[in-house]
Number of protein chains: 2
Amino acid sequence: MAKPSKENSPITEHLAYLLAQANREINRQLELRLSKEGVPVEQWRILKVLSDGNGHSMGELAGAVLLNHPTLTKMIDRMVSDTLVYRVQDPNDRRKVLMFISDRGKVLCKKLNSLAVDQEEHILESYGDKSTSELKRLLESLIDSSN
Amino acid sequence: MAKPSKENSPITEHLAYLLAQANREINRQLELRLSKEGVPVEQWRILKVLSDGNGHSMGELAGAVLLNHPTLTKMIDRMVSDTLVYRVQDPNDRRKVLMFISDRGKVLCKKLNSLAVDQEEHILESYGDKSTSELKRLLESLIDSSN
DNA sequence: TTGAAAATATTGAATATTCAAGAATTGAAG
DNA sequence: CTTCAATTCTTGAATATTCAATATTTTCAA
């Protein structure tokens with residue numbers, strides 16, 4: 001009898017595929033909410049990271065918001081035009097640029113946060129409290145184990 | 001005393017962010033393996049879906065491999081140039097195009113499958129059998145509950 | 001049967017992302 | 001000190017993706 005082999009297993013059983021599918025779906029829902037303010041998900045992430053009021057370098061930001069460096073530069077250019085954030089040269093290391101959130105950025109960020117909370121609550125309802133926190137735990141540990 | 005509010009929670013605690021991060025990491029690893037054959041992840045998915053030998057319409061494929069329609073068309077154009085797949089007009093509904101995998105495509109798909117299995121095994125080792133299957137179960141159910 | 005609406009796939013222009021190279025600054029070895 | 005390698009960010013060209021419009025075929029109501 002044939003040994004059960006993974007080589008023929010349908011793509012829908014692969015972890016990589018399930019992650020892509022779930023990510024796509026949740027992201028789509030979030031995008032839909034944030035589009036009420038005309039803001040892409042990445043910009044919300046940027047604002048959220050900067051909303052601690054501290055300066056964050058481009059490299060740091062790129063890692064935090066899951067964008068590569070040149071893409072981030074260009075997105076930040078747009079956000080600077082929209083006066084949501086601003087650049088300051090790091091006085092301690094002039095290779096670096098420190099990004100700060102503006103007052104306008106803070107106001108927008110608050111609105112976006114509440115839209116995002118709406119979504120999380122919607123997930124909690126349809127998916128369940130228990131499952132959600134368990135899923136988060138497992139994802140964190142997967143990310144950990146991948147470094 | 002302050003009511004604990006989600007509005008200030010760091011971005012790293014949002015389900016959408018954890019999914020994006022995990023997806024990014026696992027996808028990066030898979031990309032790295034498949035790059036040995038010079039094939040992007042999406043093309044492997046396409047080959048895998050087509051490897052049942054049946055014809056699949058573009059719309060069906062687009063859904064299955066998580067690409068939107070025009071992007072898929074252009075990727076298929078490249079794969080046709082590489083003689084990995086070919087188009088046949090659906091005789092029953094001539095609006096549709098049925099995609100088939102070629103012999104060359106099948107050979108490549110086998111190699112890619114084994115590279116992908118390598119990765120899944122690597123995950124099983126570092127992350128654990130139990131966690132992996134539990135994570136898959138939760139992801140499937142999240143995807144279900146989102147429809 | 002006919003004609004309007006829906007479904008399917010492709011195309012081209014607009015937009016976004018990525019890769020490779022460049023500019024500026026720092027670190028550190030000799 | 002001086003110089004060379006490493007770090008950080010930006011830029012421009014190449015590539016890829018997306019949006020809107022188009023072409024073709026089917027469906028279905030009148």
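Computed from a predicted model, the values in this text were never measured in an experiment. Letters go in sequence order (proteins before strands), and every chain restarts at 1.
Scanning atom types as modelled, one donor and one acceptor separated by under 3.5 angstrom connect the side chain of A:R95 and the base of D:dT7. Within 3.5 Å, a donor on the side chain of A:K74 pairs with an acceptor on the base of C:dT18, or the reverse. Contact annotation: side chain of A:K96 to base of C:dT26, donor-acceptor pair absent below 3.5 Å.
Taking the nucleotide of DNA chain D with the nearest heavy atom to each of B:L67 and A:P70, the more 5' of the two is matched to A:P70.
Between A:S57 and the phosphate of D:dC9, there is a side-chain N or O to OP1/OP2 separation shorter than 4.0 Å. Contact check, B:T71 against D:dA16: no side-chain N or O comes under 4.0 Å of OP1 or OP2.
Atom pair A:R94:CZ and D:dT10:P shows a separation of 16 Å (rounding to whole Å applied). Spacing between atom CZ of B:R78 and atom P of C:dT10 amounts to 13 Å, rounded to whole angstrom units. Atom-to-atom, CG of B:L72 to C1' of C:dT10 comes out at 11 Å; the value is rounded to the nearest Å. Distance CD (B:E60) to P (C:dA9): 9 Å, rounded to an integer number of Å. Residue B:D77 contributes atom CG, which lies 13 Å from atom P of D:dT17 at whole-angstrom precision. Atom CG of A:D90 and atom C1' of D:dC9 are 12 Å apart (whole Å). To the nearest angstrom, P of D:dT15 lies 18 Å from CD of B:E42. Counting to the nearest Å, the P atom of D:dC9 and the CG atom of A:L98 are 8 Å from each other.
Using bins of under 30°, 30° to 60° and over 60° for the plane-to-plane angle, the ring pair A:Y86/A:F100 lands in the parallel bin.
Heavy-atom contacts from other residues, nucleotides or ligands closer than 6.0 Å to NE2 of B:H122 number 12 or fewer.
The pair B:E134-B:R137 meets the salt-bridge criterion, since a charged nitrogen lies less than 4.0 angstrom from a carboxylate oxygen.
For A:Q29 and A:E25, the side-chain atoms include at least one donor-acceptor pair closer than 3.5 Å.
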Open item on the list: Using the rule given for salt bridge (charged side-chain N to carboxylate O under 4.0 Å, His left out), can you reason through A:K136 versus A:E120, listing the C-alpha separation, both sets of side-chain angles and the distance that settles it, and then say yes or no?
Closed with: CA-CA 12 Å; A:K136 284 187 183 177; A:E120 293 252 324; 3.5 Å; yes

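Listed candidates were D:dT10, C:dA9, C:dA16. Nearest to the side chain of B:M58 is C:dA9.
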